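Each remark here refers to the structure printed beneath this line.
Labels below follow one simple rule: chain letters A, B, ... track the order of the sequence lines, proteins then strands, and each chain is numbered from 1. From a predicted model like this one, the values you see are computed outputs, not experimental measurements.
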Amino acid sequence: MASGVHPDHNVFPSVLKSSTLSVDLRFGESVHACIVRLGFHLDLYTNNALMNMYAKFQSLDMSMRDEFYGLEVSGGHKIYVHEVLDGIPERNGDGQAKSVLVSCNEPNTDYRKHRFEESVLGSGDNVNLHSVELPCSDGARHVDEGSCAKTNNGRRLQMDSVRKVFEQMPTRDLVSWNTVIVGFARSGLFEEALKMVREMRNANLKPDSFTLSSVLPIFAEYVDVIKGKEIHGYAIRHGLDTDLFIGSSLIDMYAKCTRVEDSHRVFGLLPRRDVISWNSIIAGCVQNGMFDEGLKFFRQMLLAKIKPRHVSFSSIMPACSHMTTLHLGKQLHGYIIRNGYDDNVFIASSLVDMYAKCGNIRIARCIFDKMELHDMVSWTSIIMGHALHGYALDAISLFEQMEKEGVKANSVAFVAALTACSHAGLIDKAWSYFNSMTRNYGIVPGLEHYTAVADLLGRAGKLEEAYEFISSMHIRPTGSIWSTLLSACRVHKNVELAEKVAEKIFMTDPDNIGAYILLTNVYSAAHRWKDAVRLRIHMRNKGLKKTPACSWIEIKNTVHAFAAGDESHPCYDKINEALNVLLERMEQEGYVPETKEVLHDVEEEQKKYLLHYHSERLAIAFGIISTPDGTTIRVIKNLRVCGDCHTAIKFISKIVHREIIVRDNSRFHHFKNGKCSCGDYW
DNA sequence: ATAGGGTTAG
């Protein structure tokens with residue numbers, strides 16, 4: 001097997017590259033031992049490759065494994081490392097590697113494992129790997145999960161090895177510095193990385209495109225656009241600003257600093273664009289809530305004949321989640337399956353979220369259950385999905401299952417758990433999560449946690465408690481959290497508190513239309529017509545216009561939108577007819593319209609009419625007449641589903657024997673046989 | 001021998 005040729009300095013960089021890809025630290029360490037034994041530990045290229053190997057071990061994750069099948073060694077062979085049997089060498093030590101099981105692919109030969117005594121490179125003799133011939137099949141693949149150091153400790157440990165190698169090098173070039181810098185940057189040791197950049201300049205070496213594209217992600221993470229711009233300026237002065245790698249880091253950095261316009265500028269100035277530059281701009285748009293823009297870039301990328309990658313899909317999918325465009329999400333899902341991307345954790349999580357947000361929690365659960373590996377994000381997505389659909393108990397048991405499987409909840413997971421409680425009125429459970437989060441997990445509650453708890457207290461009618469809770473937050477309450485309480489004041493008809501809360505909102509946001517409308521409704525419900533009118537006039541004088549309630553339903557890839565009393569739909573006559581039949585049946589079943597809160601200056605019959613022609617009812621009626629029996633009806637409403645609306649849909653679901661799913665802003669209500677998944681917690 | 005982009009948040 002060994003030719004006996006002495007290895008030259010080209011051998012180890014090649015072997016080390018292979019061990020880097022093998023995801024096997026122990027194998028790499030045995031190679032390191034050989035390097036020392038054969039006296040190559042002073043060779044510049046060998047050391048650079050060695051540092052790269054140690055640096056890579058800490059950043060390899062599951063998703064990267066999809067991208068390699070074997071290790072290319074020069075000569076066209078692929079080596080598969082199966083097992084290190086014993087004798088793990090000391091780092092930087094004198095090499096006591098005993099034996100390694102490897103196999104190698106070569107066409108038309110059978111699968112066999114080869115056992116090497118002493119070390120992978122032979123029995124202490126000088127062996128040139130170029131000439132090693134190892135017949136076997138291409139099916140072999142070794143993945144050692146244990147050597148995937150993903151924890152911080154693991155990362156720091158690997159970086160210690162990199163540092164040790166670096167320090168004992170007699171000479172260092174730009175590549176050496178860049179390798180150390182990227183190693184620190186990727187292990188989250190940002191300050192160390194930046195320190196190395198300064199030291200490198202002290203050593204009279206100029207940062208190049210490798211350095212800059214490794215350092216830029218740090219400022220993206222720090223959200224430090226000033227430092228990021230400094231790098232951008234340096235790049236321009238050195239003619240590096242049109243470099244593909246720097247370009248995509250710049251696009252990403254500006255986007256993460258919420259400066260998407262600057263991302264656009266950089267993207268526009270690139271002379272050439274690859275998948276990653278496209279992905280950067282797409283992700284940048286989506287992360288900043290510019291969903292249409294992101295989709296536009298996604299389509300342009302396809303038109304430019306750039307084949308999307310894993311990242312492209314996990315970047316664009318949230319756009320479908322946020323816009324609730326199920327048909328688009330399904331198209332993307334189709335593409336994902338056809339290209340075999342569906343086993344990627346990022347993509348699967350984004351799909352789970354998309355289906356849940358688009359109203360199909362069953363498919364979301366299906367995808368989740370099929371995943372081989374659940375990380376914290378996929379757990380959080382499915383928990384949040386159940387929470388938003390009102391299935392609080394499922395959400396809670398999923399949360400417990402997650403903990404049992406050793407996945408530790410982070411602050412987002414707690415938002416999901418608290419949201420589940422708030423949607424189902426589980427006050428005690430919510431407090432236990434809230435307290436455990438702060439006491440046992442050391443998580444400082446953020447606005448989202450406070451909002452979920454305040455929302456829950458409000459929905460449950462504990463208005464004063466909610467007020468005290470919001471007032472005692474350690475961060476400044478926002479208009480949106482007060483709005484939650486204002487909305488609860490409307491439901492529970494508490495005028496005094498509503499005025500107090502509205503005052504809080506107007507202090508920071510005097511033009512908050514939603515708050516005006518809610519307060520008007522509170523006055524109307526309490527028959528304080530004069531106050532209601534006064535407020536309406538005030539709004540008119542300020543030029544504030546109420547945005548009308550609107551509901552929409554997606555049928556066969558077309559979105560049909562309805563506003564209250566909207567007669568413009570081509571099927572209006574049929575919808576009208578269906579609604580009349582429905583109303584009759586509903587009243588037979590005992591439905592009594594709750595007309596009190598509607599405009600006081602309208603005749604009683606007119607009130608009933610207005611109520612009945614609410615946007616969501618138009619949309620549901622259209623769904624009923626245009627889809628076959630038994631089809632679930634999914635409708636989206638841009639106002640909270642509460643009060644009369646909630647009651648009416650319960651009746652409708654009983655009469656038509658269908659499941660009706662209504663989404664208001666972000667929550668789903670499943671109506672079936674006259675019941676709602678979230679009880680009466682609106 | 002070294003570099004860039006991704007999923008969850010009422």
Atom [atom1] of [X] and atom [atom2] of [N]: how far apart are they, to the nearest Å?
X        : N      : atom1 : atom2 : answer
A/Tyr254 : B/dG4  : OH    : C1'   : 15 Å
A/Ile316 : B/dG6  : CD1   : C1'   : 12 Å
A/Leu457 : B/dG10 : CG    : C1'   : 14 Å
A/Phe313 : B/dT8  : CZ    : C1'   : 20 Å
A/Tyr341 : B/dG6  : OH    : P     : 17 Å
A/Phe40  : B/dA1  : CZ    : P     : 15 Å
A/Asn52  : B/dA3  : CG    : P     : 6 Å
A/Ile383 : B/dT7  : CD1   : C1'   : 15 Å

Residue pair A/His264 / A/Met290, side-chain heavy-atom distance below 4.5 Å
yes

Nearest 0.5 Å, please: how far is CG in A/Asp455 from CZ in A/Arg667?
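Reported value, rounded in 0.5 Å steps: 4.5 Å.
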
Using a heavy-atom cut-off of 4.0 Å across all strands, would you classify [X] as base, sugar-phosphate, or nothing?
X        : value
A/Asp455 : nothing
A/Asn47  : nothing
A/Leu388 : nothing
A/Ala49  : nothing
A/Ser248 : base

Hey, would you say the [X] and [Y] ring centroids sit under 6.0 Å apart?
X        : Y        : answer
A/Phe368 : A/Trp379 : yes
A/Tyr341 : A/Tyr335 : no
A/His423 : A/His386 : no

Test for a donor-acceptor pair under 3.5 Å between the base of [N] and the side chain of [X], counting only N and O atoms.
X        : N     : result
A/Ser249 : B/dG4 : no
A/Ser349 : B/dT7 : yes
A/Ser214 : B/dA3 : no

[X] has a side chain; which of [options] sits nearest to it?
X        : options              : result
A/Ser315 : B/dG6, B/dG4, B/dT7  : B/dG6
A/Arg667 : B/dG6, B/dA3, B/dG10 : B/dG10
A/Asp375 : B/dT7, B/dG4, B/dT2  : B/dT7
A/Gln287 : B/dG4, B/dT2, B/dG6  : B/dG6
A/Ser209 : B/dA3, B/dG10, B/dT8 : B/dA3
A/Thr179 : B/dT7, B/dG4, B/dT2  : B/dT2
A/Asp243 : B/dG6, B/dA3, B/dT8  : B/dA3
A/Val311 : B/dG6, B/dA3, B/dT2  : B/dG6
A/Phe245 : B/dG4, B/dG6, B/dT8  : B/dG4
A/Asn48  : B/dG6, B/dA1, B/dT8  : B/dA1

Closest non-hydrogen atom pair between A/Ala220 and A/Lys256, with its separation:
O-CB, 3.8 Å

Least distance between heavy atoms, A/Leu418 atom then A/Ala430 atom
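Closest approach of A/Leu418 to A/Ala430, heavy atoms only: CD2-O, 3.4 Å.
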
Think [X] has a side-chain N or O under 4.0 angstrom from the OP1 or OP2 of [N]?
X        : N     : value
A/Asn178 : B/dA3 : no
A/Lys357 : B/dA9 : yes
A/Lys256 : B/dG6 : yes
A/Arg186 : B/dA3 : yes

